[in-house]
Amino acid sequence: MHRLAKLDLAYVWHPFTQMRDWLQREPIVITSGRGARLRDVHGREYLDANASIWTNLHGHRHPNINAAIRRQLGSLAHSSALGFANEPASLLAEQLVRVANPRRAAPRSAAAPAVAQTVLRNPRLPKVFFSDDGSTALEVAIKQAYEFARRTGHSRRPRFLSLAGAYHGDTVGAVSVGHIDLFHKTYGSLLFKSDAVMAPFCYRCPFNRARPERADAREYRRCHWECVAKVEQRFDAQRRRDNPYAAMIVEPRMQGSAGMVPQPDGWLRQVAAIVRGHGAQLIADEVMTGLGRTNDPASGLLFACHHEGVQPDFLALAKGLTGGYLPMAATLTTQAVFDAFLGDYAEFKTFFHGHSFTGNQLGAAAALANLELLRGATSVKTRRRLAAALRASLASLWDLPNVGDIRQVGLVVGVELVRDWRTRAPFDLRDRVGIRVCEAMARRGVLTRPIGNVIVLMPPYCTTPAQAEQIVAVLRAGIVETLGGAG
Ligand SMILES: Cc1ncc(COP(=O)(O)O)c(C=O)c1O
């Protein structure tokens, strides 16, 4: 066993990992990477099919991001945002406000109406609060929304609504608005109370009267938008209790850790109208969906909510913000929220929250380089090409009887494995089907991580069509090895 693997087994406790299983075998120790590839200590190469847990956008060791970090290192790695401003953080905040308030939005269509024209002198999300990761980006949004609801008199005991199956991070506030029992139940007594409402999960929706087909369930669903009615009912019920919801938190277009659960077009728009109608705030968790992951590259949009013409009151970003290089997050919000924290010093209306590395220069420099790449013609072309290549290759999986649903939104894919596609009967989690398929894929040179029985594909944008084909072929081989062949 490699020396570094031994050290890992001796000392490191890995996240979301049953360490007893981990300790049974030599771990893959990653030493380097380039583009979509990673290399381990034995010189084996892998395709990074989940972009290093959904963070990497343009590939590893991208020359522009490397250069930006090196340049910044030449002047300073870090100074505190408590009491001081700095150059890259100021520039980044300006750029984030620019991309979060697009002047021109998606081409107008029934499914994706244009975002209201927004002039940059009067953007709807003009303020940026920096933090460190997805959880803290959500923590900031939750705390600001909480206090905003109290200070404006909207709610005395602010309460939050989020989607069934939601995951918004692992800090206590973010866990409080999460609804994955496996992760969250243990900490129940530590958490503040929040409510869950039905998620629009067409494949497993009790209101979808369609029988399973060999297509994405959103395409053949037969329903009456009962999931939207449930949101309305929740808001109405909470208002009758004389304590309207302060905010609703959603991952627009696709819930990630819930199992790559995509929303049918139109869901977000209808839900946003309900939230607004009840005077609540809309918190968009775009930690996974944002920065070009889920948008049509030709639209020029970078955030999932804009695809539906929805502008939230809070936009939480992390993961890909630095291109997947450094931990940095941002929570964008409105002037109204910002103003609710203004006052004479002695009123103590300050937002008493912050982290040592808030606005870190290296992270901000990487993020600026990332945004520049995202706006470039090359990125638009490669994202478009990759989405098409994935779509074409994935179609080949429908002949496998254990493939129940293939869910793709832009460059995010979830392939749900089931006992039999005709019944949608799920595998017991204890069978570790997703884990076993991913282990079989790793042996064939493709790295990803499952969510239960859902295999996630979320490659870096620089992944070539040939590499995308290889990823899907390896997924197929992994499924066949684990569960048997085509039916
Ligand atoms: C949608 C979403 N929100 C928040 C988080 C938490 O981000 P982090 O792991 O950076 O704290 C994640 C992480 O997977 C996520 O997918």
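Computed from heavy atoms alone, side chains included, the values below leave out hydrogens, waters and symmetry copies. Every number for a ligand or one of its atoms is a count from 1 in the order of the listing.
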Undergrad: Would you say the side chains of Asp296 and His307 form a donor-acceptor pair under 3.5 Å?
TA: no
Undergrad: Is any side-chain N of the basic residue among Arg276 and Asp313 closer than 4.0 Å to the acidic one's carboxylate O?
TA: yes
Undergrad: Which atoms of ligand 1 have any heavy atom of Glu251 under 4.0 Å away?
TA: 1 (C)
Undergrad: Apply the side-chain hydrogen bond (donor to acceptor under 3.5 Å, both in side chains) test between His353 and each candidate in Lys143, Glu147, Glu139; give the one that qualifies.
TA: Lys143
Undergrad: With distance as the sole test, does His78 use its side chain to make a donor-acceptor pair with the main-chain N or O of Ser356 at under 3.5 Å?
TA: yes
Undergrad: Does any donor atom in the side chain of Tyr245 or Asp195 lie under 3.5 Å from an acceptor atom in the other side chain?
TA: yes
Undergrad: Any idea which atoms of ligand 1 are less than 4.0 Å away from a heavy-atom of Trp54?
TA: 16 (O)
Undergrad: Among all protein heavy atoms in this structure, tell me which lies nearest to atom 2 (C) of ligand 1, with the distance rounded to 0.1 Å.
TA: Asp285 OD2, 3.4 Å
Undergrad: Where does the angle between the aromatic ring planes of Trp22 and His14 fall among parallel (under 30°), tilted (30 to 60°) and perpendicular (over 60°)?
TA: tilted
Undergrad: Which of the atoms in ligand 1, numbered in the order shown and given with their element, are less than 4.0 Å from a heavy-atom of Gly134?
TA: 6 (C), 7 (O), 8 (P), 10 (O), 11 (O)
Undergrad: Among protein heavy atoms, which sits nearest to atom 12 (C) of ligand 1, and what does the distance come to when rounded to 0.1 Å?
TA: Tyr167 CE2, 3.6 Å
Undergrad: Tell me, which protein residue and heavy-atom name are nearest atom 15 (C) of ligand 1, and how many Å apart are they?
TA: Val287 CG1, 3.9 Å
Undergrad: Just to confirm my output: which protein heavy-atom neighbour is closest to atom 11 (O) of ligand 1, and how far is it?
TA: Ser135 OG, 2.6 Å
Undergrad: Considering only heavy atoms of Gly169, which atoms of ligand 1 have at least one such atom less than 4.0 Å away?
TA: 4 (C), 6 (C)
Undergrad: Would you call Glu439-Arg25 a salt bridge at under 4.0 Å N-O?
TA: yes
Undergrad: Lys319 heavy atoms, cut-off 4.0 Å: which ligand 1 atoms fall inside?
TA: 12 (C), 13 (C), 14 (O), 16 (O)
